[in-house]
Amino acid sequence: MACISLFAMEIGQKVRVRRLRDRVSQEIIKKLGKTGTIRDFKVVDGYGVGMLVQFEDNTGTWFFEDELELFN
């Protein structure tokens with residue numbers, strides 16, 4: 001039986017922050033263009049999915065999938 005993933009991204013993958021949806025703090029704005037690793041998923045606002053991204057400086061924050069792009 002084949003396994004079907006609902007997400008294009010997976011825990012452990014490297015991603016780059018490509019955009020920010022909402023108004024956020026200056027600390028999060030500094031993450032724009034930075035790369036990090038997906039550490040977890042979280043269901044938000046009833047139907048959306050957030051991804052916890054951890055950066056090289058050991059900080060982490062949640063992003064929506066459309067704010068991120070895979071990084072090789």
Side-chain angles (χ1 to χ4, degrees):
M1 180 186 281
C3 177
I4 298 172
S5 174
L6 298 176
F7 311 110
M9 298 177 188
E10 300 175 0
I11 292 175
Q13 286 184 307
K14 294 276 188 192
V15 291
R16 179 181 305 150
V17 180
R18 66 182 190 104
R19 74 183 199 103
L20 300 170
R21 265 193 197 185
D22 301 316
R23 290 182 182 206
V24 293
S25 70
Q26 198 62 26
E27 287 301 310
I28 295 175
I29 291 171
K30 291 178 185 176
K31 302 300 183 192
L32 193 57
K34 302 286 185 190
T35 60
T37 304
I38 297 173
R39 294 294 179 210
D40 201 4
F41 294 106
K42 174 181 173 181
V43 176
V44 292
D45 66 24
Y47 62 92
V49 176
M51 295 176 193
L52 174 62
V53 177
Q54 182 178 10
F55 298 93
E56 289 182 10
D57 63 2
N58 287 324
T59 61
T61 192
W62 294 97
F63 295 95
F64 290 101
E65 186 174 17
D66 66 333
E67 295 175 305
L68 303 171
E69 62 187 0
L70 291 176
F71 182 77
N72 295 325

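Every value quoted in this text rests on a predicted model; they were computed, and no experiment measured them. The first residue in the sequence is number 1, and the count goes up from there.
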Exercise. Output all residues satisfying salt bridge (charged side-chain N to carboxylate O under 4.0 Å, His left out) with K14, sequence neighbours left out; order by chain, then residue number.
Key: none
Any idea which heavy atoms bring [X] and [Y] closest together, and the distance?
X	Y	value
I29	L20	CA-CD1, 3.9 Å
F63	F55	CE1-CZ, 3.7 Å
M51	M9	SD-SD, 3.9 Å
L68	R18	O-NE, 3.5 Å

Quiz item: Should V53 and V24 be regarded as members of a common hydrophobic cluster, given that ILVMFWY residues are connected when their side-chain heavy atoms come within less than 4.5 Å of each other, either directly or indirectly?
Solution: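 Yes; V24 is reachable from V53 via cluster members.
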Exercise. Kindly work out whether a path of hydrophobic side-chain contacts (I/L/V/M/F/W/Y, heavy atoms less than 4.5 Å apart) joins W62 to F41.
Key: no
Quiz item: Going from CD1 on I28 to CG on D22, what distance comes out if it is rounded to the nearest 0.5 angstrom?
Solution: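 It is 10.0 Å, given to the nearest 0.5 Å.
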Exercise. Supply the atom-to-atom distance I11 CD1 to Q13 CD, rounded to the nearest 0.5 angstrom.
Key: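 The CD atom of Q13 is 10.0 Å from CD1 of I11, to the nearest 0.5 Å.
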Quiz item: Less than 4.0 Å between a side-chain N and a carboxylate O, is that true for D57 and K31?
Solution: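 D57 and K31: salt-bridged.
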Quiz item: Salt bridge or not for E67 and R19, using N-O below 4.0 Å?
Solution: no
Quiz item: Is the Lys NZ or Arg CZ of R21 less than 6.0 Å from the centre of F64's six-membered ring, within 45° of the axis?
Solution: yes
Practice problem: Before giving the answer on side-chain contact (heavy atoms from CB on, under 4.5 Å), spell out for T59 and E27 the whole-Å C-alpha distance, their side-chain angles and the decisive distance to 0.1 Å. | Solution: CA-CA 10 Å; T59 61; E27 287 301 310; over 6 Å; no
Practice problem: Might you work through the side-chain contact (heavy atoms from CB on, under 4.5 Å) test for F71 and V15, ending with a clear yes or no? | Solution: CA-CA 5 Å; F71 182 77; V15 291; 5.5 Å; no
Quiz item: So, do Q54 and I38 sit near enough that their side-chain heavy atoms are less than 4.5 Å apart?
Solution: no
